[in-house]
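Nothing here was measured: the structure is a model prediction, and the numbers come from that model.
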Amino acid sequence: MPATLLLGPRGSGKTTLLEYLTQWARQAPVAHLDLETLSRRSGKPLDVLTNLVFQLNVRKPHCPKLSFPAFGALLIAVTTTVDPDSRDRAVREMRQALVGAERPDGSPQPLRDELKQLLEAGATALGAPPGWTLAAVRLLPEWQRLRIRLRTHRQLAWARRAVGLSSTEDFLVGLSQLYNDEEAYARQRAESVFFDAFVADLCDAYAGPRADRLRTTHCLVLLDNVDSPLGDSFLDSLLKAREKSGSADPLLVLATAGSRPELLTRREPGAPPVSRYLECWSGPRQFRPVHVEGLHVGLLRDLHRHEVTRMADTILADIGPESAMPRADDAVQWLGWLVHELTAGHPAASDRVFKALRDFERNTPWDERLRQVFAPPRTLAGDILDTLLPRDVGWPLRRALTWAAAAVNLGQAGATQELWERTGPALRASLAEFSGDPLRTMHFTGTDSSRSSSETGGSRYARPETLHPVLRFLLLRELVAADGAHSSTWDDVEEALLHRARRRFMDNEAADEEWAIAYHQLAAGDLSSAAAFLDRRFDEVGAQEWCTELCRLRRAPVRSPGGALNDTPREHFEQLVHAVLDDGRHRDERMKTIIRLLAASWIAPEPRDDPLTDRVGDPYRNPLGDPYAELYPDIGADFLTLRNLVEDERDRHVYLRKSEQYKRRPWW
């Protein structure tokens with residue numbers, strides 16, 4: 001059976017899944033290895049394989065114990081210290097090491113034909129005479145009793161080619177000298193012998209007339225972080241050994257990676273995009289990974305809203321009925337919807353937000369919790385970012401990502417030369433590398449179906465290089481916090497993005513993207529100019545396209561330390577509108593309506609999806625400005641006002657449908 005490789009960015013639940021499976025299968029032969037941790041300890045593939053063997057070798061109450069005689073024979077050979085300067089003394093020391101493996105009467109145990117062939121092949125791969133393998137025969141029966149003496153942490157190296165050696169112990173002497181050679185290719189050839197022995201031992205353990213009755217459970221091997229250098233090398237060697245064996249072995253291998261392992265790249269024809277692996281989810285619970293030459297590969301998905309709602313139910317039940325409860329009619333549905341809107345279902349982020357919302361005094365109103373949860377002096381935004389961003393993202397790149405988060409996508413940010421005038425080429429190259437890796441941007445895990453898969457090449461987002469909504473939300477919080485602390489602030493970044501949009505529009509490079517100018521004007525706080533754009537477009541396009549333009553603008557980020565407002569949604573709405581209308585320039589009824597509509601929809605959360613107007617390719621959502629959707633009646637009334645200003649019956653129906661859309665609360 002092909003090994004299964006699960007890809008997923010940091011915080012997507014890879015380690016949690018493997019830990020759960022380890023406990024679930026604890027009564028069966030199971031091994032769980034964190035290859036990144038072993039890599040930091042300077043481990044080698046042989047160290048990992050030995051660790052794996054020892055975990056599978058543990059005696060379980062309801063499973064016959066697994067033994068690994070061929071592997072053990074080779075392992076004892078390379079972990080026995082012998083005199084490197086005297087061949088005769090080395091042979092005597094090796095012979096002494098073999099005493100514990102003999103029968104009580106001193107005779108050697110017989111060797112099964114298939115294991116003998118394996119060891120003969122191993123000796124040939126090492127460049128050793130076939131007679132060398134005879135020493136390993138004496139170690140097969142009871143090597144497990146000797147494992148306490150093994151030095152499994154030593155590095156496997158390449159055996160020097162010996163000429164003219166005839167003693168049966170010479171093979172083991174040669175293996176013990178493998179540590180003295182550091183040639184990578186030679187070491188890999190030597191290591192392959194151990195992987196072959198491991199697979200052969202397993203196949204032999206599950207063979208024979210009694211195997212079907214005694215061994216009814218496969219061996220579960222769980223490998224975390226196989227995208228580390230050690231993990232890639234280990235999994236590649238294991239897969240090659242299984243392929244070389246040609247026999248059906250009892251291994252069920254489940255591996256996880258936060259980036260594309262090199263072995264996957266080598267096995268993929270044409271290096272298709274990572275996003276194609278999202279096709280493995282044909283339903284909420286239907287996982288059908290993509291087959292890639294000995295591997296089944298798939299992406300871990302984000303949580304669906306109903307799964308986040310179950311988490312909300314647990315949180316509200318834990319805080320108890322005597323605590324302050326949300327003001328929504330259905331508190332559980334409301335809390336699940338709000339957290340899902342913020343995190344787009346990212347597992348780790350959802351869990352951290354729920355815990356932070358619970359970590360208040362019991363009588364704290366939920367409005368206050370939402371205003372404080374991400375705002376300083378709390379460090380939740382930074383802590384979650386530390387969890388989500390790859391470990392190799394240093395401070396310069398992290399600061400650059402906060403600037404780039406103000407743009408709709410990283411491609412737009414990277415093309416804004418004004419943002420990078422004072423940075424060097426190294427930082428730009430790091431940003432480009434980050435932007436092109438969907439496992440870093442978490443691009444594919446969004447839940448906002450901007451377009452159909454056929455329109456977007458299988459990606460959940462309409463545009464490439466789009467940050468996951470929660471990642472963008474958190475980076476924007478750091479950008480607000482940087483005001484006054486660094487040279488580049490919210491105003492500086494928005495001014496640079498606005499300048500690029502204007503330049504492209506004036507140069508006729510992007511005449512159809514005038515909305516980008518209005519988008520960054522609104523993000524900078526210029527409600528009047530953004531509304532003027534919508535007023536012009538009202539005469540130029542039909543109602544459906546106009547509503548799409550409105551949807552683009554209402555997703556412009558709000559400049560707020562915690563994402564929430566300091567006052568009530570109604571108070572903030574009135575302040576925004578009056579600041580624009582009090583200048584006396586806007587007396588036209590349509591313009592006043594558009595100003596009110598844009599201000600309210602910018603503050604309010606997104607309504608339930610309308611596939612005809614709301615799929616704009618921008619998954620960013622922030623429900624904290626108006627978490628109880630208090631401004632929905634105003635928005636619905638404004639759409640009806642616009643309906644009365646047009647004569648085309650199709651446009652009138654679009655505005656009517658939009659008004660109806662705001663009659664239902666988004667969490668219902």
Can you name the closest pair of heavy atoms from [X] and [Y] and give their distance?
{"X": "Arg267", "Y": "Val292", "answer": "O-CG1, 3.7 Å"}
{"X": "Phe374", "Y": "Gly562", "answer": "CB-O, 3.5 Å"}
{"X": "Leu7", "Y": "Ser259", "answer": "CD2-O, 3.9 Å"}
{"X": "Pro666", "Y": "Arg305", "answer": "O-NH1, 3.4 Å"}
{"X": "Ile517", "Y": "Ala501", "answer": "CG1-CB, 3.7 Å"}
{"X": "Cys280", "Y": "Pro289", "answer": "CB-CA, 3.6 Å"}

Between [X] and [Y], does at least one N-O distance fall below 4.0 Å, as a salt bridge requires?
{"X": "Lys14", "Y": "Asp227", "answer": "no"}
{"X": "Arg369", "Y": "Asp359", "answer": "no"}
{"X": "Arg398", "Y": "Glu478", "answer": "yes"}
{"X": "Arg552", "Y": "Asp618", "answer": "no"}
{"X": "Asp437", "Y": "Arg260", "answer": "no"}
{"X": "Glu36", "Y": "Arg391", "answer": "yes"}
{"X": "Arg504", "Y": "Glu514", "answer": "no"}
{"X": "Glu243", "Y": "Lys240", "answer": "no"}
{"X": "Glu293", "Y": "Arg266", "answer": "no"}

In terms of relative ring orientation, are Phe287 and Trp281 parallel, tilted or perpendicular, with 30° and 60° separating the classes? tilted
Could you label the plane-to-plane angle of the Trp667 and Trp337 rings as parallel, tilted or perpendicular, counting under 30° as parallel and over 60° as perpendicular? tilted
Flag the pair [X] / [Y] as yes when at least one side-chain heavy-atom distance between them is below 4.5 Å, and no otherwise.
{"X": "Leu476", "Y": "Arg472", "answer": "yes"}
{"X": "Val253", "Y": "Thr4", "answer": "no"}
{"X": "Pro557", "Y": "Asn622", "answer": "no"}
{"X": "Asp383", "Y": "Thr387", "answer": "no"}
{"X": "Gln521", "Y": "Leu498", "answer": "yes"}
{"X": "Pro261", "Y": "Thr265", "answer": "no"}
{"X": "Trp403", "Y": "Asp492", "answer": "no"}
{"X": "Cys219", "Y": "Leu252", "answer": "no"}

Just by modelled atom types, is the [Y] backbone N or O under 3.5 Å from a matching donor or acceptor in the [X] side chain?
{"X": "His296", "Y": "Arg288", "answer": "no"}
{"X": "Asn225", "Y": "Leu35", "answer": "no"}
{"X": "His304", "Y": "His306", "answer": "no"}
{"X": "Glu494", "Y": "Asp491", "answer": "no"}
{"X": "Arg26", "Y": "Gln23", "answer": "yes"}
{"X": "Trp24", "Y": "Glu19", "answer": "no"}
{"X": "Ser233", "Y": "Leu230", "answer": "no"}
{"X": "His346", "Y": "Ala349", "answer": "yes"}
{"X": "Arg477", "Y": "Ser560", "answer": "yes"}
{"X": "Arg559", "Y": "Val480", "answer": "no"}

Testing Leu38, Leu49, Val226, Leu263 one by one against Phe234 for a side chain to side chain contact (heavy atoms under 4.5 Å, CB included), which residue passes? Leu49
Given Leu223, which partner from the list Leu18, Leu254, Leu235, Leu52 fulfils the side chain to side chain contact (heavy atoms under 4.5 Å, CB included) test?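 Option passing the side chain to side chain contact (heavy atoms under 4.5 Å, CB included) with Leu223: Leu235.
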Go through the steps for Leu370 and Leu338 under the test side-chain contact (heavy atoms from CB on, under 4.5 Å), then give the verdict. CA-CA 10 Å; Leu370 296 175; Leu338 184 138; 3.8 Å; yes
To the closest 0.5 Å, what do you measure between [atom1] ([X]) and [atom2] ([Y])?
{"X": "Leu401", "Y": "Ser430", "atom1": "CG", "atom2": "OG", "result": "9.5 Å"}
{"X": "Asp626", "Y": "Ser601", "atom1": "CG", "atom2": "OG", "result": "11.0 Å"}
{"X": "Leu431", "Y": "Thr423", "atom1": "CG", "atom2": "OG1", "result": "9.0 Å"}
{"X": "Phe473", "Y": "Arg621", "atom1": "CZ", "atom2": "CZ", "result": "14.5 Å"}
{"X": "Leu471", "Y": "Leu388", "atom1": "CG", "atom2": "CG", "result": "6.0 Å"}
{"X": "Leu239", "Y": "Leu5", "atom1": "CG", "atom2": "CG", "result": "9.5 Å"}

Salt bridge (Lys or Arg N to Asp or Glu O under 4.0 Å), that's the test. Do Asp392 and Arg440 meet it? Break it down for me. CA-CA 11 Å; Asp392 60 352; Arg440 289 176 167 238; 2.5 Å; yes
Evaluate the side-chain contact (heavy atoms from CB on, under 4.5 Å) criterion for residues Val30 and Gln55: first the C-alpha distance (whole Å), next the side-chain angles of each, then the deciding distance (0.1 Å), finally the verdict. CA-CA 7 Å; Val30 59; Gln55 289 190 42; over 6 Å; no
Walk me through it: do Trp515 and Thr548 pass the test side-chain contact (heavy atoms from CB on, under 4.5 Å)? CA-CA 10 Å; Trp515 67 269; Thr548 299; over 6 Å; no
The test is side-chain contact (heavy atoms from CB on, under 4.5 Å); show your working for Arg503 and Glu418 and say whether it passes. CA-CA 12 Å; Arg503 172 169 46 80; Glu418 293 84 352; 3.5 Å; yes
Ignoring hydrogens and geometry beyond distance, is a side-chain donor-acceptor pair present between Thr256 and Asp224 at under 3.5 Å? yes
Can you confirm whether the side chains of Gln412 and His520 place a donor and an acceptor under 3.5 Å from each other?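 Yes.
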Test: Arg554 cationic atom under 6.0 Å from Trp602 six-membered ring centre, within 45° of axis: no
